[in-house]
Amino acid sequence: MNSEGTPKVEIPDILISAMAQEINNYDTVLHGVSSPLPVLAMSVARRTHAPDMAYVSGAGGVDSEVEQIFPSSFDPRLNRRCVAYFGLYEAFDLAQRGELNLMFLGAAQIDRHGNTNLSVIGDPDHPKVQLPGGAATAFLMPITPKVVIWITRHSGRIFVKEVDFVTGQGYNHRTEEQRENELVVISNLGVMDFKNDARVMQLRSVHPGVSREAIQEKTGFELIIPSRVPETPEPTSEVLEIIRQLDPEGVRRAEFK
Amino acid sequence: MNSEGTPKVEIPDILISAMAQEINNYDTVLHGVSSPLPVLAMSVARRTHAPDMAYVSGAGGVDSEVEQIFPSSFDPRLNRRCVAYFGLYEAFDLAQRGELNLMFLGAAQIDRHGNTNLSVIGDPDHPKVQLPGGAATAFLMPITPKVVIWITRHSGRIFVKEVDFVTGQGYNHRTEEQRENELVVISNLGVMDFKNDARVMQLRSVHPGVSREAIQEKTGFELIIPSRVPETPEPTSEVLEIIRQLDPEGVRRAEFK
Amino acid sequence: MREVLTTLEDAAKMVKDDELVTTGGATFHRAPMEMVREIVRQGRRGLNLVDREPAIDFDLLIGGGCVSKIRAGMLAFEVFGLAPNFRQKAEAREIVVKEGACQPIIAGLRAAAMGLPSLPVKGLIGSDIMGVSEVIGGYKQVEDPFTGEKMVAVRAIEPDVAIVHAQKADKYGNVRIEGPFYEDVIKAKAAKKVIVTVEEIIPNEEFRKMPEATTIPHFLVDAVVEAPKGAYPASCFNYYDADYGHIQEYMKWANEGRFEEYLNQYVYRRGER
Amino acid sequence: MREVLTTLEDAAKMVKDDELVTTGGATFHRAPMEMVREIVRQGRRGLNLVDREPAIDFDLLIGGGCVSKIRAGMLAFEVFGLAPNFRQKAEAREIVVKEGACQPIIAGLRAAAMGLPSLPVKGLIGSDIMGVSEVIGGYKQVEDPFTGEKMVAVRAIEPDVAIVHAQKADKYGNVRIEGPFYEDVIKAKAAKKVIVTVEEIIPNEEFRKMPEATTIPHFLVDAVVEAPKGAYPASCFNYYDADYGHIQEYMKWANEGRFEEYLNQYVYRRGER
């Protein structure tokens, strides 16, 4: 139905759209640094199904009317027409009070329990690769009611049996109470969650054109694959238009290279 | 030398002038609630010998140009032309860092160790008189490098053998380190400090026209009285003029009634 | 953003009997008096009140019979003297008083605002305040885990309701306080429910034009009420000064045992609109 | 108020070898780049750096040979990738890296700002970050004295120097930050010495006209320097945007082993004035 004027769907669009779907209206949502996809997903949600969400930007603004994204997710231009400034330390206080509903986080490695690594490949004291660091991960992962991890290059090097370093706490590194918090993984191939008693990664949906077998093959551990796995919904033309309007220069594609 | 145009010196003037003398240039000084005398003393100091002090008002303003005082020491008009707002909680953080040099506090009772009571006369659970409460006293007394207590009605009912309730910590309720902090008491009769090894109250100066014997008589415990006790210096005409300019309605006299 | 604009009456109903309540402002400045009057009119009972340095707002709630317990750093009428209803009811033991100190009350509120169960403070040790029987919140002597320094841990104070009077808000609950904030932003973060009365409701557009002036963002606020002169007889910076004459009259009536008359004239009768 | 206006050169001399330094801003925004360049020019050595999410400011100090230890929540060049000098020197073990997380770094700075030896935070437990060998600061698992809740106490981080770039200041050190503050006010309170570079020195009178816009009062500030374009190539809100082209060029030179050329062209040569 790729009608005239509707742009072609690309992989980043599918991730952004799926990430936006994780946001409910009235949620208070925060994004952090290096987060073009979360900024776009939050903007899409606000302009579509979640107009009343509280949009808290790592750049400092609340409910900004984002006009365009930039290579930095802290660019002050992202605070355009915000209603207030709210510092990251204040947003973290909110998280400690349990009032931050959703956070988007990245990962360089992830395992079947949902542990993520953003710190180091190899021995931490003798790093093979020094990663940028976990930022808010170790703090927010266990205590936030819902965390969405986005991964742009789904492969066995990233979806590993065991992470080299537990930056973010998977379900096997959490308290009983923290195991109630939701974790969703959205990659360039599909959407995964942990909605089973064992709290291990299971396939929730596959992106259009991706088979369950292909995902399993590119995952370094055994995924739980239910008998029925739907397709991730394609982004609507409205969503595609918002993405193209906010990111005319294609910043969103940088992470996929 | 009560020359033409110089106003008559009153007891409040002597207290205010003596309180102002306790402030050094470059000191960071805070006043609290119900504090017309401290507000006047700080204003006098800034306009005379301590122009570079940091004047932090309990009303919220920093280095305000106070034009007139009011029955409330938190009146926002006291913040006139301030350079910044600095909340009381921020000033308390400063105190915890040891960077608040001087605080003025009141007292309903005081004893020879410098313990003050602002809480209750009689048994705290069955109060004979419910006092207003200690405000910042229990927090600031022991940790502030210099505390100045002002008392407007020097008598044996206020200067007592033992306070009914220790709101503010005298030297016998302090750690070794806290015993280094200075405590000065300025009453309507004289100035007292604790500059002796035992850290008990001793007379530093008597106000003009007050004898050492009169002070001892109105004090419910034995004061240490050095062999030479000077007179408290009279306020200069400049100081008197500042006081009258800032307090044309005589708010400063309310506490002496 | 969700619309939270409501009426004084409906907002006051969010305050339930026996709840823990804190009010904004300090002594005679930006006290939420109109909401206090409405709470008295609605006959709320058994409230627990906590604040650093309240004055006429707490005293009116006490005089109106709404209060069972108090925790304050200081409750007085500045140079005018003791808070009349507070003193009478405390000495008659009709209310329970927890002697507080400003810093632990601030720290307790900050702990709640930060989502922490407690916060350590300096000072306090050696004061009899440490031993006063617990009414609301509490102290515990602790040692810092790194330095061993003796500190006092203050339990978080999470009010059921914070009532703040401010200058401006929009219908979504974005709030602009002008002049000193006191602990009002901390209180809005610490409390479970936040009610804000304002001199003026202004368009959301005004907040977007000057976001740096917003002091409380909408998602912390549960109800906004337009209440011009809502702090009277307390001051509201940029709008009106404290009416010290009225405050002295209030004291006179209360101290002369004629407080019912004050209530009739300034609280109940004002409700007949 | 004491005059603290000085030159870039003299202010930079307040930063001593081996001191613990934090910088204002976040990633590519209001980073105090002009002061960083001056510190590189003056050949400071052995600095310990701490910040939540620094970027080119820390990376330039590392590339300039000034740094021995780093503690950061994240040190990267946003979507452009890894911080080039940081990565090279960390992997070559020429600098020691303490993996941090944003919240404990913020909490450590807040503890220092509040005059507390430590501050508890939630989260963290279960992360390997807890076990990383201590370089700067530290964590300790504790239980809340009231609730028994398991928390992580974070040791106070009291930098020897905080370097902040802001939009405006007066000669006494009253500072006005426009747009987001990040942790800059906390850092000014936490550090022993505070150096502020600004786009513009404005008269004290401007602060008195609009005190609500003052973000750091003079008594927290030890030196003020007029440094127009002082955040470049980072952004300075209301003055200029980040120069992402320059930042990518910086990365290219560093990644291609030509960082000395960058230093010659943009740091040393600029110093010849």
Side-chain angles (χ1 to χ4, degrees), chain C residues 103-104 106-124 130 134 136-158 166-168 175-182 184-186 209-215 217 237-238, chain D residues 103-104 106-124 130 134 136-158 166-168 175-182 184-186 209-215 217 237-238:
Chain C
Q103 172 68 329
I106 292 174
L109 291 167
R110 276 174 114 176
M114 295 168 85
L116 299 175
S118 71
L119 203 60
V121 298
K122 292 193 178 174
L124 298 186
M130 288 288 293
E134 179 166 331
I136 304 162
Y139 307 147
K140 213 167 245 183
Q141 200 172 314
V142 294
E143 285 181 10
D144 182 78
F146 296 98
T147 65
E149 187 179 347
K150 283 187 172 52
M151 310 277 292
V152 176
V154 179
R155 192 165 191 160
I157 300 170
E158 187 178 10
Q167 282 83 356
K168 296 174 174 80
V175 176
R176 192 184 292 170
I177 295 174
E178 296 169 359
F181 305 160
Y182 313 114
D184 292 7
V185 180
I186 294 169
K209 276 185 194 155
M210 204 162 66
E212 64 276 13
T214 308
T215 36
F237 182 68
N238 279 348
Chain D
Q103 172 68 331
I106 292 175
L109 290 166
R110 277 173 113 175
M114 295 168 85
L116 299 175
S118 69
L119 204 59
V121 297
K122 293 192 176 175
L124 298 187
M130 289 288 293
E134 180 167 327
I136 304 162
Y139 307 146
K140 213 166 246 183
Q141 199 172 315
V142 295
E143 284 181 10
D144 183 77
F146 296 99
T147 65
E149 187 179 348
K150 284 189 172 51
M151 311 277 293
V152 176
V154 179
R155 191 165 193 160
I157 300 169
E158 187 177 10
Q167 282 82 355
K168 296 174 174 79
V175 176
R176 192 183 292 170
I177 295 174
E178 296 169 357
F181 304 162
Y182 314 113
D184 292 6
V185 180
I186 295 169
K209 277 186 194 155
M210 201 160 70
E212 64 276 13
T214 308
T215 37
F237 182 68
N238 280 346

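The shown structure was predicted, so the numbers you read here are calculated from the model rather than taken from an experiment. The chains referred to below are lettered A, B, ... by the order of the sequence lines, with proteins before strands, and numbering in each begins at 1. Side chains are part of it too, since the values below use all heavy atoms of this structure and drop only hydrogens, waters and symmetry mates.
Top candidate by heavy-atom pairs under 4.5 Å with chain D, chosen from G115(C), P180(C), A111(C), P211(C), is G115(C).
Summarising the geometry of K140(C) relative to P145(D), their closest heavy-atom pair is NZ-O, 3.0 Å, with the distance given to 0.1 Å. Nearest heavy atoms, P120(D) versus L116(C): O-CD2, 3.3 Å. Looking at every heavy atom in both residues, F146(D) comes nearest to A153(C) through CZ-O, 3.5 Å.
Contacts of E149(C) with chain D are made by side-chain atoms alone, with heavy-atom separations under 4.5 Å and no backbone atom involved.
To the nearest 0.5 Å, atom CZ of residue R176(C) and atom CD of residue E212(D) are 10.0 Å apart.
A 4.5 Å side-chain heavy-atom check between R155(D) and T147(C) finds at least one atom pair inside the cut-off. Contact annotation: the side chain of L119(D) approaches that of L119(C) to within less than 4.5 Å [non-hydrogen atoms, C-beta and beyond].
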